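I have placed the structure first, in the form of structure tokens, so that the comments after it can refer back to it.
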Amino acid sequence: MGAWRGAGEVDGYRRGSDDGHRGGRGVAAPLRTARAGELRESDAGREVRLAGWVATIRDHGGVLFVDLRDASGIVQVVVDPVLNPAAAELGRELRDEFCIAVGGLVRQRPPGTVNPELPSGAVEVAAAEVMVLSPSDPLPFRIDDRADVDENRRLEYRYLDLRRPRMAANLVARSKAIGAMRTTMLAQGFLEVDTPTLVKSTPEGARDVLVPSRLRQGSFYALPQSPQLFKQLLMVGGVERYYQIARCYRDEDFRSDRQIEFTQLDIEGSFWDREGVFAALEPVIVAVTRELRGVELTTPFPRMTHAEAMRRFGTDKPDLRFGMEIVDLGEAFAGTGFQMFAGALASGGIVAGINAGAREVSRSVLDGFVERAKGLGAKGLVWMVVEADGSVRSPVAKHLTPEELAAVTRALGAGRGDLLLVVADRPKVTRTVLGALRIDLGRPTGHDRLEFLWVIDFPVFSVGEDGSLAPEHHPFTAPYRVEEMRDDPEHALSRAYDLVVNGVELGSGSERIHDPRVQREVFSVLGISDREAESRFGWFMRALRYGTPPHAGFAVGLDRFVMVLQNEPNIREVMPFPKTQTGYDPMTDSPSLVDEFQLQELGIDLRPDVRESLAGEPTPT
RNA sequence: GGGGGCGUGGUGAAGCUGGAGUUCACGCCGGCCUGUCAAGCCGGAGGUCGCGGGUUCGAGUCCCGUCGCCCCCGCCA
């Protein structure tokens with residue numbers, strides 16, 4: 001680019017300067033000698049060159065103010081037509097978000113015109129020269145944090161959205177987080193190793209993102225759900241301490257904290273157990289939090305077993321920033337005549353409740369809670385309000401004895417005005433429903449406080465609605481005892497753990513199986529036949545036979561972590577180019593149809609019904 | 001797969017009980033203005049009320065369907 005030299009035109013835009021004529025002597029490189037947001041009183045008297053974007057223009061007819069923004073921040077540029085008529089003339093042609101360069105003198109602002117809102121507000125740059133590097137069309141939305149722009153529109157113009165201070169700050173935070181992770185991992189002697197992104201599909205857990213092979217038509221790669229098996233192979237390979245900032249892909253429905261592709265800090269270590277993992281990871285969490293929040297966390301983080309988390313909070317990722325714990329009310333209703341409670345207790349269920357505290361709630365809000373509980377799978381929800389006179393108002397009060405009502409309020413520590421929510425159902429349903437209501441009712445907004453927590457001793461299997469068992473973790477997780485896993489699968493515990501902050505699952509990990517015989521047994525208990533295990537994981541099981549060290553590891557969700565630390569409500573705000581809930585990118589119009597030839601090369605034919613549904617769609621030629 | 005919320009000039013909103021595309025702020029275009037800082041003042045342009053159907057003399061408004069975005073349940077080993 002010919003900026004600052006050559007003729008006085010850049011892409012047809014005239015340059016204004018104080019030499020009184022156009023096309024005058026050029027100005028030598030570099031384009032920029034200072035950063036806008038960094039200028040301070042101590043810079044007064046400096047001749048600087050700045051380059052950036054027009055944040056706002058304030059044209060007083062005479063003097064013209066331009067807020068010049070670059071990645072470092074904003075500084076006010078003053079163009080004075082008396083001192084500099086050519087620059088002023090050009091300045092009048094400037095519009096929002098033009099990319100410009102300015103040369104001039106940094107000076108203290110006149111008394112009374114200092115802007116305390118701006119870090120650079122004590123100074124301004126008196127423009128001697130202004131040059132348009134690149135003009136801008138009128139914007140689809142304002143570059144401003146204060147506007148709440150439709151997200152589709154933001155994604156369509158993500159490059160403009162990223163100019164907003166909030167998004168720019170999130171990019172910086174993300175970069176700092178990765179930096180702190182690398183620094184901490186390197187200091188601990190970890191080796192950064194990258195692993196393939198075209199891998200073997202192992203239909204297990206999440207849906208794979210598939211990539212068709214051209215050279216082997218009909219065969220598919222998968223994008224990795226995580227580098228799980230590769231990092232274990234690195235342990236077999238003698239790496240001992242591995243980490244990677246890894247991109248992972250899971251083709252499941254989107255949520256506010258889930259995207260089809262996301263980033264993890266992935267670590268693995270040999271001769272490690274859980275304690276080794278925690279000891280290596282806590283400094284990383286501390287460093288990232290220090291970097292992004294300026295907060296020094298206390299270690300070690302508290303721990304809680306999965307069973308305790310479920311019992312007290314109804315979830316495997318408890319938010320410890322508030323109480324409202326789930327209280328078992330079995331004792332209070334031990335001999336109750338109230339059919340709903342008695343029935344639940346008799347059939348192996350439980351009665352439990354939470355004290356939502358004193359709050360004014362209308363009947364419609366209470367009905368909303370009942371609907372929510374039903375939506376979550378409970379048969380119903382009983383609400384009780386402790387009245388000013390100590391009596392209990394509830395739709396079921398007449399079915400309960402005064403002793404029972406007293407026992408409930410006592411068990412829940414209820415005082416005047418408190419709202420109590422009670423569920424009677426199977427234990428798991430009861431706890432998860434109350435756990436969800438607890439979050440609905442008690443969760444603090446934002447993430448100003450941080451409550452980290454290790455959740456340990458996950459069960460090997462989770463019990464489904466129908467009583468069926470589903471593995472809670474990937475099949476390479478070591479159980480405490482294989483025999484228990486086989487003989488009493490419902491109660492078997494695994495050497496798996498999660499890291500939780502403020503009710504958000506930040507990541508999970510486990511001690512791995514390093515004995516091929518145990519691995520085979522685990523496959524068998526999981527219902528994976530020898531033959532199936534061989535075809536899907538044979539290559540991996542073979543590796544385990546060559547002196548595999550005991551090892552363990554973890555993966556931290558980078559996007560979620562930054563989301564929490566930046567106090568963002570969803571993961572998209574901390575991802576540079578995220579997709580919508582339906583996996584669509586409005587900016588690039590992706591995913592898109594491909595042309596017939598591309599499909600042919602891959603040996604792929606679209607199903608007739610799919611073809612049919614696409615009729616009328618614009619197709620590539 | 002299911003439930004809910006939202007969809008109105010370029011942006012953000014209001015639009016009540018169905019009565020003229022009405023209103024507000026920002027942006028845009030033009031003009032004025034020499035110390036503002038989301039500058040100010042005057043004037044102007046700009047909309048198939050997501051799309052389709054229905055009810056009605058009449059629909060942004062009511063009903064049905066559909067599409068898109070967001071949130072939740074399922075799903076996410």
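Since the structure is predicted, the reported quantities are computational estimates derived from the model, not experimental observations. Every chain is numbered from 1 and lettered A, B, ... according to where its sequence line falls, protein lines coming before strand lines.
A donor-acceptor distance shorter than 3.5 angstrom exists from the side chain of A/Thr315 to the backbone of A/Lys317, with no hydrogens or angles considered. Here the side chain of A/Asp266 pairs no donor or acceptor atom with the backbone of A/Ala246 at under 3.5 angstrom. With hydrogens and angles ignored, the 3.5 Å screen pairs a side-chain donor or acceptor of A/Asp80 with a backbone N or O of A/Val82. With hydrogens and angles disregarded, no donor-acceptor distance shorter than 3.5 Å links the side chain of A/Asp161 to the backbone of A/Arg164. A donor-acceptor pair under 3.5 Å is absent between the side-chain atoms of A/Gln264 and the main chain of A/Gly507, judged by distance alone. Between the A/Gln76 side chain and the A/Gly121 main chain, no donor and acceptor come within less than 3.5 Å of each other. With hydrogens and angles ignored, the 3.5 Å screen pairs no side-chain donor or acceptor of A/Asp96 with any backbone N or O of A/Pro138. For A/Arg560 (side chain) and A/Glu505 (main-chain N/O), a donor-acceptor pair under 3.5 Å exists by modelled atom type. Under a 3.5 Å cut-off, the side chain of A/Asp559 and the backbone N or O of A/Thr263 do form a donor-acceptor pair. A/Ser508 contributes no side-chain N or O that, together with a main-chain N or O of A/Asp498, makes up a donor-acceptor pair within less than 3.5 Å.
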Please tabulate, one pair per line, each protein N/O and nucleotide N/O from nucleotides 45-47 of chain B that are separated by under 3.5 Å, including the distance.
none

Just the atom pairs and distances: protein N or O near nucleotides 10-16 of chain B's N or O, under 3.5 Å.
| unit_1 | atom_1 | unit_2 | atom_2 | d |
| --- | --- | --- | --- | --- |
| B/rG10 | O2' | A/Pro140 | O | 2.9 |
| B/rU11 | OP1 | A/Arg153 | NH2 | 3.1 |
| B/rG12 | OP1 | A/Asp150 | N | 2.7 |

Identify all pairs in which a protein N or O lies below 3.5 Å from an N or O of nucleotides 66-68 of chain B, and state each distance.
| unit_1 | atom_1 | unit_2 | atom_2 | d |
| --- | --- | --- | --- | --- |
| B/rG68 | O2' | A/Asn152 | ND2 | 3.4 |

Could you go through nucleotides 3-8 of chain B and list every protein N or O atom that sits under 3.5 Å from one of its N or O atoms, giving the distance for each pair?
none

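A/Gln566 and A/Glu573 share no side-chain donor-acceptor pair at under 3.5 Å. In summary, the side chains of A/Asn567 and A/His447 do not present any donor paired with an acceptor at a separation below 3.5 Å, with no hydrogens or angles considered. Side-chain contact annotation: A/Thr582 with A/Thr580, donor-acceptor N/O pair under 3.5 Å present. Judged by distance alone, the side chains of A/Glu472 and A/Ser494 never bring a donor and an acceptor atom under 3.5 Å apart.
In this structure, A/His60 does not pack face-to-face on the six-membered ring of B/rG35, missing the 5.5 Å centre cutoff or the 30° plane limit.
Below the 3.5 angstrom threshold, one finds a donor paired with an acceptor across the side chain of A/Arg107 and the base of B/rG35.
With a cut-off of 3.5 Å on both pairing distances, B/rC16 has no Watson-Crick or G-U wobble partner at all. Applying the Watson-Crick and G-U wobble criteria (two distances, each under 3.5 Å), B/rG21 pairs with nothing in any strand. Nucleotide B/rC51: paired with B/rG65 (Watson-Crick or G-U wobble, both distances less than 3.5 Å). Searching all strands for a Watson-Crick or G-U wobble partner of B/rG27 with both distances below 3.5 Å returns nothing. Pairing partner, B/rU36: none, since no Watson-Crick or wobble contact has both distances short of 3.5 Å.
With respect to the salt-bridge test (charged N to carboxylate O, under 4.0 angstrom), the residues A/Asp257 and A/Arg255 do not qualify. By the 4.0 Å N-to-carboxylate-O rule, A/Arg166 lies too far from A/Asp145 to be salt-bridged with it. Remark: A/Asp585 does not engage A/Lys579 in a salt bridge, criterion side-chain N to carboxylate O under 4.0 Å. Remark: A/Arg512 engages A/Glu268 in a salt bridge, criterion side-chain N to carboxylate O under 4.0 Å.
B/rC51 and B/rG60 have their P atoms separated by 11 Å, given to the nearest Å. When the P atom is compared between B/rA25 and B/rC57, the two are found 39 Å apart, to the nearest whole Å. The separation of B/rG9 from B/rC49, taken at their P atoms, amounts to 9 Å, rounded to a whole angstrom. B/rA45 and B/rU23 have their P atoms separated by 12 Å, with the value rounded to a whole Å. Using atom P as the reference point in both B/rC26 and B/rC73, the two lie 40 Å apart (nearest Å). A gap of 31 Å separates the C1' atoms of B/rU17 and B/rC69, to the nearest Å. Here the separation of B/rC16 from B/rG7, taken at their P atoms, is 12 Å to the nearest Å. Of the C1' atoms belonging to B/rU34 and B/rG68, the separation is 50 Å, rounded to the nearest Å.
Within residues 248-256 of chain A, the residues that place at least one heavy atom under 4.0 Å from RNA chain B are, in residue-number order, A/Arg250, A/Glu252, A/Asp253, A/Arg255, A/Ser256. Within residues 61-74 of chain A, the residues approaching RNA chain B are A/Gly61, A/Gly62, A/Val63, A/Phe65, A/Asp67, by heavy-atom distance under 4.0 Å. Applying a 4.0 Å cut-off to non-hydrogen atoms, the residues of residues 109-119 of chain A that approach RNA chain B are A/Arg109, A/Pro110, A/Thr113, A/Val114, A/Asn115, listed by residue number.
Neither OP1 nor OP2 of B/rU36 sits under 4.0 Å from any side-chain N or O of A/Arg58. Phosphate contact (OP1/OP2 of B/rC71, side-chain N/O of A/Gln581, threshold under 4.0 Å): present.
Annotation: side-chain contact (heavy atoms from CB on, under 4.5 Å) contacts of A/Arg274 (sequence neighbours excluded): A/Phe278, A/Arg303, A/Ile456, A/Asp457, A/Tyr480, A/Tyr497, A/Glu511. In this view, A/His474 and A/Phe476 satisfy the ring pair (Phe, Tyr, Trp, His ring centres under 6.0 Å) rule, not counting sequence neighbours. With sequence neighbours left out, the ring pair (Phe, Tyr, Trp, His ring centres under 6.0 Å) criterion links A/His491 to no other residue.
Taking only side-chain atoms of A/Glu124, from C-beta outward, the nucleotide of B/rC75, B/rC28, B/rU36 with the closest atom is B/rU36. Distances were taken from every side-chain heavy atom of A/Ala206 (C-beta onward) to each of B/rC76, B/rG35, B/rC73; the shortest belongs to B/rC76.
Residue A/Glu371 is out of contact with every strand shown, counting any heavy-atom pair closer than 4.0 Å. If you check every strand for non-hydrogen atoms under 4.0 Å, A/Arg154 touches nothing. Nucleic acid contact class of A/Arg146 (heavy atoms, under 4.0 Å, all strands): base.
A straight line from CH2 of A/Trp53 to C1' of B/rA38 spans 20 Å, rounded to a whole angstrom. Per the geometry, CG belonging to A/Asp59 stands 13 Å off C1' belonging to B/rG30, to the nearest Å. Regarding A/Arg166, its CZ atom lies at a distance of 18 Å from the C1' atom of B/rA38, rounded to whole Å.
Residue pairs meeting the side-chain hydrogen bond (donor to acceptor under 3.5 Å, both in side chains) criterion with at least one member in residues 430-442 of chain A, sequence neighbours excluded: A/Arg372-A/Asp440. Sorted by first and then second residue, the salt bridge (charged side-chain N to carboxylate O under 4.0 Å, His left out) pairs involving residues 50-69 of chain A (not counting sequence neighbours) are A/Arg58-A/Asp67, A/Asp59-A/Arg92, A/Arg69-A/Glu97.
Between atom OG1 of residue A/Thr56 and atom CD1 of residue A/Ile143 there is a gap of 12.5 Å, rounded to the nearest 0.5 Å.
Both A/Glu472 and A/Arg372 lie close to RNA chain B; mapped to their nearest nucleotides by heavy-atom distance, the more 5′-ward contact belongs to A/Arg372.
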